[in-house]
Amino acid sequence: MDIAKTFNATVCEEKWYAHWMEKGYFYSQPDDREPFTIVIPPPNVTGVLHMGHMLNNTLQDVLIRKARMQGFNTCWVPGTDHASIATEAKVVKKLADEGIKKSDLTRHDFLKHAWEWKENHGGLILEQLKKLGASCDWNRTKFTMDEALSESVIKVFVDLYNKGLIYRGVRMVNWDSKALTAVSDEEVIHKEVNSKLYYINYSIDGSDEMLTIATTRPETILGDTAICVNPKDERYSHLNGKFALVPLIDRKIPIIFDEYVDMEFGTGALKVTPAHDINDYQLGDKHNLEIIDILNDDGTLNESAKLYVGQDRFQVRENIVTDLAKNKFLVKTEDLVNKVGFSERTNTVIEPKLSMQWFLKTDGLSKPALEKVMDDTIQFHPSKFKNTYRHWMENIKDWCISRQLWWGQQIPAYFFDGNQFVVAETKELALKKAQSINPNITLSDLRQDEDVLDTWFSSWLWPISVFDGIRKPDNEEINYYYPTNDLVTGPDILFFWVARMIMAGYEYQNEMPFKNVYLTGIVRDKQGRKMSKSLGNSPDPLELIEKYGADGVRVGMLLSSAAGNDLLFDESLCEQGRNFSNKIWNATRLVKGWPVQEKEQPAASKVAIQWFEHTFHKTLEAINQSFEKYRISEALMLTYRLVWDDFCSWYLESVKPDYQQPIDAETYQSTLNFLDDLLKLLHPFMPFLTEEVWHLTRERKEDLMISSWPQFTTYNQSILDDFEYASEIITAIRTMRKEKQIAHKESLKLVVKVNHETTTTMDPLISRLVNLSELTYATQPLEGAFSFRVKSNEFFVPINDHLDVEAELEKLQSELSYIRGFLKSVEGKLSNQRFVNNAPENVVAVERKKQSDALSKIAILELQIKSLS
RNA sequence: GGGCGAUUAACUCAGUUGGUUCAGAGUGCCUCCCUUACAAGGAGGAAGUCGGGGGUUCGAGUCCCUCAUUGCCCACCA
């Protein structure tokens, strides 16, 4: 059979994915096996696959494929998130491009457009995941706004409201004036920016005196309702009971005293704008100040501002500074670096704004959620994130869950008689409740709250709601699959999502949502910059897959991404992955190409087989341990070296028959068996290639994907040591051949003088690999030969005219001086009484052994030098 | 401002309870080789005061202190 020289990934990817789908390997339903469940972090329904998803989902697929091979009933639930702000923004933009303004549409019509958009563009990302090889149970694909999931969200809202954990109130919230909605604290990103600090004069009412304040937001002076100074500040004590006038509008505001004010900052005088600053709000609350809200929802100024009405806040900032300067109110400006909050979604500057919102009390919910992570009931990998998590959970604030959007689950609160409201799962139920308050209420009197719920208020239920465990808390599926096993996600959504899922898990299933949380790093470019659309530094994952194959990309992503460490992505990593694919492919070609014959098994093959058997199990043990510790890239690297170095470079080279010669049947079978086991270890990382090769090497009834993970059996370390010894000898001879320019074809003789006990089972292997015609043992050194030493044994290769006596001497001298130096340091330790007395016996014994070894080695070298010179 | 990490070869990173095997891996680099699976390859090689400085200890990448650099999270200083 002719097999292509390089591995063609594309063809085989399509073939096998279709095959696996057809066979239904991805599907899961409860049975008597132990379950292994992963729920996908649902990507934004309108999103496209980026490198972060690639890493994340590769990891999940590795975990799920390995678990499947271990005999678990694996269930990887895929799905998408409705991502209310992001999706609504996209729909608004699309409509705008078509000349339609959102404000001209009814809620109903807008949602029609949104759903249409979702149907057309949604879920593309899931198709892309298939290219990666993700073995999700596609029959279970969920969307956070599916009827069942939305009902779950509403049910939870009503329940929490009834428990008194949800309340409605006017609070200072983070206002996104572009998305026109409140956002939660977690959705505000504080960034350092270069700003200006403006010093502005306020005149004191009834005097010529001026009071100078400093502010970074001069436009808000129009909403000022006080000036505040520190009561200890003697500069201002005479102003007690006085009033100041707001510049330009001459509004009279009190001068108040509060220790909150830092006397050192600016002028020590603070303007107070309770409507637009959280601190000022608290000050206002304390001192009973008037609240003047000067901002419209879209960030323009409203009538209350008196001036600049209708202009944008940043435009007003410029204008007011000009006008203040013109009227001599502006004293000076200073450059200042300060932190400003930006919206995570729209990147617009967040305005603190008073508004009526819905909140969830979180302090009670957070208690078990914190405990179970701290006591490792839920394990974080890496565990360092426990600290971050604890810090957040201990300082958790109430969660603002309402959003002034249309796309999402509408809050099930129904108003009547003005501000009276009831909370119920349906309008009909709400009516009953309302009628118990006012019997005259009819259905048409009820107005549902306009707001929708924060997206995370649906995703926090995800591990439960995908199994319908909210609506039916005791159903077969939730009982079987929950708690899930692993969650793989980025640390950036530790609070948004992970923490809240844990809270919901204990509240609604009385059980953790997952046992392990694997926190991936953030994928950055080679310069360490976060990959982003605006920087254009993110490669297109699908193009990468086309170029390097899905397996190549998977390996590339995993090779250098220890959990929790950021991954500096470089395409060369994928190249390495592709090269590895090709290496395996060619090893297969080699094995497949051998003619097989019943004949005697060469001695070299016999020992090679024995050695590989043992080295395989030693590595398997290490791989299993790495998986248990979620050191996935370590497991991959161990596999990589087992396949490339041990199997290809050593094993195959050892058993490879001479050119066009047949291989004996016994060795051939062993080789195929080894290859089978290696393919199994590789499968979670490289599913496509391995399935292809699996079917190429033998006739199979069973697919690799559903085969069993190799069983670990014990190994004999002394065989591995023996090989180690042999490999040193082989390397020494190879190096010599190279130095002396002796071709591999030219066979050599090797004479061994044993000074140190060793086993010699590897002799046939040595002879085979370095082409020896003779390997003999002697009691005396062979004079006039090239020599080297391994483990104090002496090796001699007669190479006649190739031998350079001077070079030999020099080599021996340098070995000698090295070993003398080594001996000196060992003896230094041993002559230290405190070392001998305090160190454990075995450590001392090791040093003594080093000493005696060094001494005998020195004796050998001295003898040889003498004989040469 | 508070908290948590990181600093080991040119690059990306391992290094678990302080002690054979501890100074490692992969990549890159250098030399030689298109040898009959694979040049997407083979054989060999060089490469590090383990961020600086103290300390504990018979013994320190490993534990403690301190400084420097750097990253992340949280926080209401205008």
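Letters A, B, ... mirror the listed sequences (proteins, then strands); counts begin at 1.
A salt bridge links A:Arg217 and A:Glu351; the closest N-O separation between the charged side-chain nitrogens and carboxylate oxygens is under 4.0 Å. Between A:Asp853 and A:Lys849 a salt bridge is recorded (basic side-chain N to carboxylate O distance below 4.0 Å). A salt bridge does not link A:Asp398 to A:Arg171: none of the charged side-chain nitrogens sits closer than 4.0 Å to a carboxylate oxygen.
Within the structure, every side-chain polar atom (N or O) of A:Arg589 is placed at least 4.0 Å from both OP1 and OP2 of B:rU36. Within the structure, every side-chain polar atom (N or O) of A:Asn842 is placed at least 4.0 Å from both OP1 and OP2 of B:rU20. Close to B:rG44, at under 4.0 Å from its OP1 or OP2, lies a side-chain N or O of A:Thr731. Phosphate proximity of B:rG42 to A:Trp644: present, with a side-chain N or O under 4.0 Å from OP1 or OP2. Between B:rG41 and A:Asn582, no contact under 4.0 Å exists linking OP1 or OP2 to a side-chain N or O. Between A:Lys271 and B:rA78, a side-chain N or O to OP1/OP2 separation shorter than 4.0 Å is absent. Put simply, A:Asn838 has a side-chain N or O that comes within less than 4.0 Å of OP1 or OP2 on B:rC58. The phosphate of B:rA37 (OP1 or OP2) has a side-chain N or O of A:Lys656 nearer than 4.0 angstrom. For the pair A:Lys5 and B:rA39, the criterion of a side-chain N or O lying under 4.0 Å from OP1 or OP2 is met. Checking the phosphate oxygens (OP1, OP2) of B:rA40, no side-chain nitrogen or oxygen of A:Arg578 falls inside 4.0 Å.
Checking A:Lys850 against A:Leu197, the closest nucleotide of RNA chain B that is more toward the 5' end is the one next to A:Lys850. Heavy-atom nearest nucleotides on RNA chain B were determined for A:Met263 and for A:Leu567, and the one closer to the 5' end corresponds to A:Leu567.
In textbook terms, a nucleotide whose glycosidic angle is within 90° of 0 is syn, and B:rG61 is one such case.
The side chain of A:Tyr260 has B:rC76 as its nearest neighbour among B:rA43, B:rA14, B:rC76. The side chain of A:Asn338 has B:rA78 as its nearest neighbour among B:rA78, B:rG19, B:rC72. The side chain of A:Phe835 has B:rC58 as its nearest neighbour among B:rC58, B:rG42, B:rC38. Out of B:rG42, B:rA37, B:rG26, the shortest distance to the side chain of A:Tyr640 is found at B:rG26. The nucleotide whose nearest atom lies closest to any side-chain atom of A:Asn387 is, among B:rC77, B:rC4, B:rA40, B:rC4. In this structure, of B:rU27, B:rC4, B:rC74, it is B:rC74 that holds the atom nearest to the side chain of A:His391. Minimum atom distance to the side chain of A:Arg641 is reached by B:rG26, of the listed B:rG26, B:rA14, B:rC76. Of the candidate nucleotides B:rU31, B:rA78, B:rG26, B:rU31 has the atom lying nearest to any side-chain atom of A:Lys738. Side-chain atoms of A:Lys583 lie closest to B:rG42 of the nucleotides B:rU36, B:rG26, B:rG42. Comparing B:rC73, B:rA37, B:rA75 by their closest approach to the side chain of A:Lys339 singles out B:rA75.
Evaluation of atom-type donor-acceptor distances gives no pair under 3.5 Å for the side chain of A:Glu264 against the base of B:rA78.
For A:Asn230 (side chain) and A:Met263 (main-chain N/O), no donor-acceptor pair under 3.5 Å exists by modelled atom type.
Classified by interplanar angle (parallel below 30°, tilted 30° to 60°, perpendicular above 60°), the ring pair A:Phe788/A:Phe786 is tilted.
Remark: of the listed residues A:Leu682, A:Leu678, A:Leu679, A:Val591, A:Leu679 is the sole one forming a side-chain contact (heavy atoms from CB on, under 4.5 Å) with A:Val693.
Counting to the nearest Å, the C1' atom of B:rC74 and the CG atom of A:Asn174 are 14 Å from each other.
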So what is the 5' to 3' dot-bracket string for RNA chain B, if pairs are Watson-Crick or G-U wobble with both distances under 3.5 Å, crossing pairs use [ ] and | means the partner sits on another strand?
(((((((..((((.....[....)))).(((((.......))))).....(((((..]....))))))))))))....

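Minimum heavy-atom separation, A:Gly577 to A:Met686: O-CE, 4.1 Å.
Checking A:Ser184 against A:Glu187 by side-chain atom types alone, a donor-acceptor pair falls below 3.5 Å.
Legend: residues meeting side-chain hydrogen bond (donor to acceptor under 3.5 Å, both in side chains) with A:His744, ordered by chain and number and at least two apart, are absent.
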